[in-house]
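Report on one structure; see the data block that follows.
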Number of protein chains: 2
Amino acid sequence: MTVHEVPTTTDPKGGRPVIPSRSQVRPLGLHEITLARGFWARLQATNASGTLEHCEHWMERLGWLANFDRVAEGRTGPDRPGWCFSDSEAYKLLEALAWEYGRTGEPEVDAAVRRLTARIARAQDDDGYLNTCYGHPNQPPRYSDLEAGHELYCTGHLLQAAVARLRTSGQDELTEIARRAADHVCDTFGPDGSHGICGHPEIELGLVELGRALGEDRYIEQAKLFLDRRGHGSLKDIPLGRAYFQDDIPIREALVWRGHAVRALYLSAAAVDVAVERDDDDLLAAIQRQWAHSVARRTYITGGMGSRHQDEGFGEDWELPADRAYCETCAGVASIMVSWRLYLATGDPRYADLIERTFFNVVATSPSSDGQAFFYANPLHQRVADSVPSDDAVSLRAESTARAPWFDVSCCPTNVARTLASWQTYAASAAEGELTVLQYAGMRIAADVGGGRTLGLDVETGYPRDGRVTVRVTEAPGGVATLRLRVPDWADGAVLEEGGRQRSVEPGLAVVEREFHAGEAITLHLPMAARFTRPDARIDAVRGCVAVERGPLVYCAESVDLPAGVALDGIAIDPGVVPTEFGELPHLRCAAIVVTPHSQQSWPYLSAATTGSPAADRDTPARPNSETPAPARTVQLVLSPYHQWAERGPTTMRVWLPTVTSP
Amino acid sequence: MTVHEVPTTTDPKGGRPVIPSRSQVRPLGLHEITLARGFWARLQATNASGTLEHCEHWMERLGWLANFDRVAEGRTGPDRPGWCFSDSEAYKLLEALAWEYGRTGEPEVDAAVRRLTARIARAQDDDGYLNTCYGHPNQPPRYSDLEAGHELYCTGHLLQAAVARLRTSGQDELTEIARRAADHVCDTFGPDGSHGICGHPEIELGLVELGRALGEDRYIEQAKLFLDRRGHGSLKDIPLGRAYFQDDIPIREALVWRGHAVRALYLSAAAVDVAVERDDDDLLAAIQRQWAHSVARRTYITGGMGSRHQDEGFGEDWELPADRAYCETCAGVASIMVSWRLYLATGDPRYADLIERTFFNVVATSPSSDGQAFFYANPLHQRVADSVPSDDAVSLRAESTARAPWFDVSCCPTNVARTLASWQTYAASAAEGELTVLQYAGMRIAADVGGGRTLGLDVETGYPRDGRVTVRVTEAPGGVATLRLRVPDWADGAVLEEGGRQRSVEPGLAVVEREFHAGEAITLHLPMAARFTRPDARIDAVRGCVAVERGPLVYCAESVDLPAGVALDGIAIDPGVVPTEFGELPHLRCAAIVVTPHSQQSWPYLSAATTGSPAADRDTPARPNSETPAPARTVQLVLSPYHQWAERGPTTMRVWLPTVTSP
C-alpha cells in the first residue's frame, strides 16, 4: 500500500464520518461541500424534516429512550421494552442529529442532541459501562451473552455518535461519555482482560474512529485486538453456523463475505480502518479481495447485499434470487461504509461506482417520499401485493409490500437517517493539488487542496434525470491543479467538454490537469439512454431475463401500471427493442408480450389454473396441462425507477424481466 | 361427496395407518400385501436392519429416552436434554417398530415395542398427561407455551403409535396410555375447557385415528374442535406471521397451503379425516382445492414441498428456487399422508401420482444406502460441496452436502422409518368387487374384495428400472371383478397387454373388468424413455432449464461425474437431444456444452474471475467483463437418479439443467 499523510482538519465544522490517518485521498467535510439542489438534496431535506423527529417519536413511544431513564433511576426490570440492541437506535439517531447540526447549524437540532445526550449520560454506570439491558437490578449480568447480547455493538454506535458530534461541534458531554465507555471496553476486553468478542461487529468501527478523533491509540489497538480474535470459533456454534457472525475464519484468510451481511460489512469496514492505521497491507488486501469476489458474485444489480432471509445473510456465489432478495437497507449502508474506506485507502473509483449504485438503488429505496416509512428488505421481485403494514403499528416483519413506519427490529430507519444527513461527505475527495468529484448532484464545493490553496466548484446537474454535469470553477487554486470526475462503470460513450472541445472519456476517472480559472465551466456528458443489462449465466434465478437501467438507476415494472387482467408474471419482452423515454421522465416504457405457460411436458404436470387467478373453483385435481396458447398480445410496459416502487399502493413488481425466447 | 361404507377389518394383523369410516376405496393392510423384492423391498429391509436400531441408539445416547425415566423417577430439571418435542421421536420410532412387527412378526421387534412402551408408561402422570418437558418439578407449567411448546404435537404422535400397535398386535399397555392421554386432552381442551390449540398440528391426526380404532367418537369430536378453532388468531403473532402455524385463516376458507409445510400438511391430513368422519363435503372440498392449487404452483418436480429455509415453509406461487429448496423430508411424508387420505376419500388416482413422485424423489432420497444417515432438507441444486456433517455428531443444521446421522431437530429419521415400515399400505386399495394397484413393486397381494371373495395377485416388475409390470392372478375371486392399474401422469403411450392383445391406456386408471382366472397374467408396459421436462414459464428460478425424468424418477447431474476443470454451473445442454441410456442403468447420459458467461453489458459489471475459482489473487477490483469467450467444448454429462445423490462423497448437483439458447 502506497500511502501518504494527508492534511486533516481540526475545524469542528469539518465533519466527516471517517478520517484515516493515512490514505490516498482525503475525505471532504461538511464545511467543504454543500448539497444545494436535486435528488439527494431533496432526500436530505426530507430526512431533516420528516425522518429525524419520526425516529425520536417512535423510540419515545415504545419506551426505548425511557430505558435510559429507568437505568438512571434504578427502575430496571424484566419488563424492559425493546430488543437488547434498542440502545443502538438512540445512538444512531444521535449520530444523525449530529451530522444534521453540522450541516445546518440549526439550534433546534443542537438542542435535540443535547437533550438526548443528557438522558444517555445519566444511564452510564460509574465505571463507564453503558447499556440499558444488562448489568443492573433484575437484568442479566454484563457480557453474559456475547453471541446475541449486542452490548459492544451498542457501544460501537455510541462511539460513532460521539465522533460525529465531536467533528461537527467539538468536545462536549458526549465525548466524555464515549471516552469513559471506550475506556471501560479496553479495560474489560484488553490484552489482560476477557478474550471475548461481540456477536455483532460494530465496536471496532467506533473504537478506531474515536481513537482517531481523540488521538487515543489504545482504542485503535483494542479494535485490532477484537479483529484478530475473531474467526477462531470463540463464539458458540449456532444452527446458522459461526459464519453468521464471521467467527468461522480469521478475517485475513477469508476470500469472500459470508454470513449475516451487516455483520460482515461492519467488520470489513473496521478492518480497512485498522489496516490503514497499522499500515497493514495484507489486511487491506484481504478486504479488497473479499470486496471484489463478493461484488462479482454475491451482489445484486441494485448494489444490494444479502440473498437470504433466514440469516439476513450472503448466499453462495451466484445465489441471487430476485424474489427472496433480502438486501437489507442496513447492509446497503454498511456496504457504502466499506467501499468508502477502500476508496480512501486506494483512490480506486470502482469503489465509488458501487457506492453510487447502492445509494440510488438501496438507500434511496428505503424511505418513503415523506421520510416516515421505510423498507427494511429490498427485494427485486414482489410476487404478491399483500402484507401492507399498518401505518401506525410496529412491523414485526422485515418484508412487506409497503414501507413500514417502524419495526420491531428497527435498525434501518436510523441507519438511513445518519447516512442521508452526511450524504455529501461521500461525494468528493481531495489530495495535494487535486480534487475528485465522485457523486453528481447540485452542490457547491470549496476544497482545501493543500498548500493553503482552495479549489471551489459549483456543480450543476439534473442528474440522474439528465446526464449533463457542469462543473463551474468558483475559486481557482492558482497554478496547476488536477480535477478528476468519476465516469461511472456503466457510462460507455461519456464525453468531457472543456473550452469548446469535446473528448471521449472512459469509465474510471476523467482527468483535467492544468491551471483553472474562476468562472470557467467543464461539462461531463454521461450517456443516459435506457439500456438492457443481461445477468451472468451463472445467476440461475434470473436466467433468460434482462434488467433495464438508465444512468445509475435500476428500473422496475409494477403491476399498477399494467392493464387489468394482465399479470406481471405473465409477460415477456423483446430484448432487441430497448425501452424509450416518454412524457414523464424518469419513467420509461417498452412493449411486452403477454405469454402463456408451456403446454407440453412441463412441470407442474398438474395445472390448477392457466393464469393469475387461484384455483378456487376446482374441487378435483386438474388434468395435465392442455391449455391452448392464447394468441399473442402486446401491452405497453411502463418502467419506473426501482427506488420509487410501492409508492402508489399495493403492487407486484419486477426488476428482472423475462425475455421472449425462441421456442 | 359420494361415500359408501366399506368393510373394515378387526384383524389385528390388518395394520393400516388410516381406516376411514367412509371412503370411496378401502386401504389394504399389511396382512393383504407383502413387499417381496425390488426397490422398495430393499429400502424397507434397510429400514428394518439399519434405521430402527440407529434411531433408538441416538435417542438413548442423547438422553431423549432417559427423559421418560427422569419424569418417572422425579428427577426432572432445567438440564433436560433435547428440544421440547423430543418425546415425539420416541413415539414415531415406536410407531415404526409397531408397523415393522406387524409386517414381519419378529419377536425382537415386539420386545423393542414392549420395552419402549414400559418406559413411556412410567412417565405418564396420574391424570393421563404425558410429556417429559412440562408440568413436573423444575419445568414450565403444562400448556404454558402453546405456540412453541409442542405438547399436543407430541401427544398426537403418541396416539398414532398406539394406533399402529393396536392395528398390528391388538390392545395392550400402549392402548391404555394413549386412551388416558387422549382423555386428558379432551378433558383439558374440550368444549368446556381451554380454548387453546397447539402451534404444531398433529394432535388432530392422532385423535381421529385413535377414535376410529377404539370407536371413541369423543376423540374425533375433539379433533374437529381443534380444527374449527384454528385460523382465528388465537396463537400469538410472531415475526413469521400466524400463517406459520396456519392460525391466519380458517381451514375451510384457505385457498392454498402456506406457512410451515409440515404443519400445513399434518393439519390438512387431519382435516380430510374429520371431513370424512363428519360427512363434511365443504371441508373435503377445501382441502382438495388447497391440494390442487399448491401442487400446481408450490410443489417441486420431486414432489418436495417447502420453498423457504426461513420458516421451513411454502413460498408464494411459483416461488420454487432449486438451490434453496427446503423440501423437508417430513413434508414429503406429510404430503403423502394428505394425498393418501384424499385418494381414499375420492378414488382419484392423481393423488397416487403425487404419492409416487414423492416416495421416489423425497422419501427415498433422505436415507443413505445403509439407512443410518439422512437428508433433512432436499434441495434440487447444490452449489458447493462443503458442509459435510460428521458421521458421529449431531447436526445442528438442516442443510448439508451429505446425509447426517442425526439432527439437533431430528424429526426426519423417525418419520422416514415409520413410513418405510408401512410402505405397502399405500400400494393398493380395494372396493366391492374391485382391486386397484397404485404403486408398482415386486409384491404379493391377497385382497378382500367383499362378499367373502379374495383377489390374489403376484406383481412382478423391475420398476422403476424397467417399465414392464406383470400382474399374475394367484387367486380369482369368482365371477366378474375389476382390476385397475394406475397409469402414472407422465406415462404417455402406456400399453396394457392381456390375453395376447395390447391396447393403449391413458394416464389415470387402466381398467380390466371381467372374470379372472388363477394363473393368468396381465402386463402393463410403461414408457421408460428418458424425457425432458420444461418448467412452467412462471417459475423464475429455473427459467431456461430442463429437468430429466425417466419413469417416476427425477434425475440430476453431479460434479463428481464431470471432467476435472468443468464446473456444474458452467455447462448447458441442447434440449433437442434427449439423454440416452448406457452401460449401467439407472444412469443416463447426454452431451453438455461448456459455456462462458456473457461478456457484454452484463451484471455484475465487475467480474472477479471468469470461471469457478475464487478471486483469491485479485487485490484490486476487476474491470468490467472483457473475457473472450472460449471455443465451444462438449463434455459427456452423466445423470443419476436424484434420490441417489451425494452417495459418492462431496459433490455439487443440479436437477434443472440450463439449456443452450440462441444468442
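Letters go in sequence order (proteins before strands), and every chain restarts at 1.
For chain A, the nearby parts of B:R543 are the backbone and the side chain; heavy atoms of each come within less than 4.5 Å. Contact of B:D540 with chain A is made through backbone and side chain together, with heavy-atom distances under 4.5 Å. The contact between B:T299 and chain A is made by backbone and side chain atoms together, counting heavy-atom distances below 4.5 Å. Contact of B:I238 with chain A is made through the backbone alone, with heavy-atom distances under 4.5 Å. Looking at B:P239, the atoms closer than 4.5 Å to chain A (heavy atoms on both sides) sit in the backbone and in the side chain alike. Proximity to chain A (any heavy atom under 4.5 Å) is shown, for B:I287, by neither the backbone nor the side chain. Within the 4.5 angstrom heavy-atom criterion, only side-chain atoms of B:R654, from C-beta onward, approach chain A. Neither the backbone nor the side chain of B:D311 comes within contact range of chain A; no heavy atom of the residue lies under 4.5 Å from a heavy atom of that chain. Heavy atoms closer than 4.5 Å to chain B are found in the backbone of A:L240, but not in its side chain.
Expressed to the nearest 0.5 Å, how far CH2 of A:W603 lies from CG of B:D536 amounts to 11.0 Å. Summarising the geometry, atom CZ belonging to B:R308 is positioned 7.0 Å from atom NE2 belonging to A:H309; distances are rounded to the nearest 0.5 Å.
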- Item | Residues A:D237, B:R397; criterion salt bridge (Lys or Arg N to Asp or Glu O under 4.0 Å); working and verdict | CA-CA 11 Å; A:D237 197 12; B:R397 288 169 259 295; 3.3 Å; yes

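With respect to chain A, the highest number of heavy-atom pairs below 4.5 Å among B:V256, B:D323, B:I301 belongs to B:I301. When each of B:Q290, B:E399, B:E319, B:E549 is scored by its heavy-atom pairs under 4.5 Å with chain A, the top score falls to B:E319.
Among all heavy-atom pairs drawn from A:E316 and B:V384, the shortest one is OE1-CG1, 3.3 Å. B:P604 and A:A296 get closest at one heavy-atom pair: CG-O, 2.6 Å.
Of the candidates A:R324, A:Q310, A:E312, A:R324 is the only one forming a side chain to side chain donor-acceptor pair (under 3.5 Å) with B:Q310.
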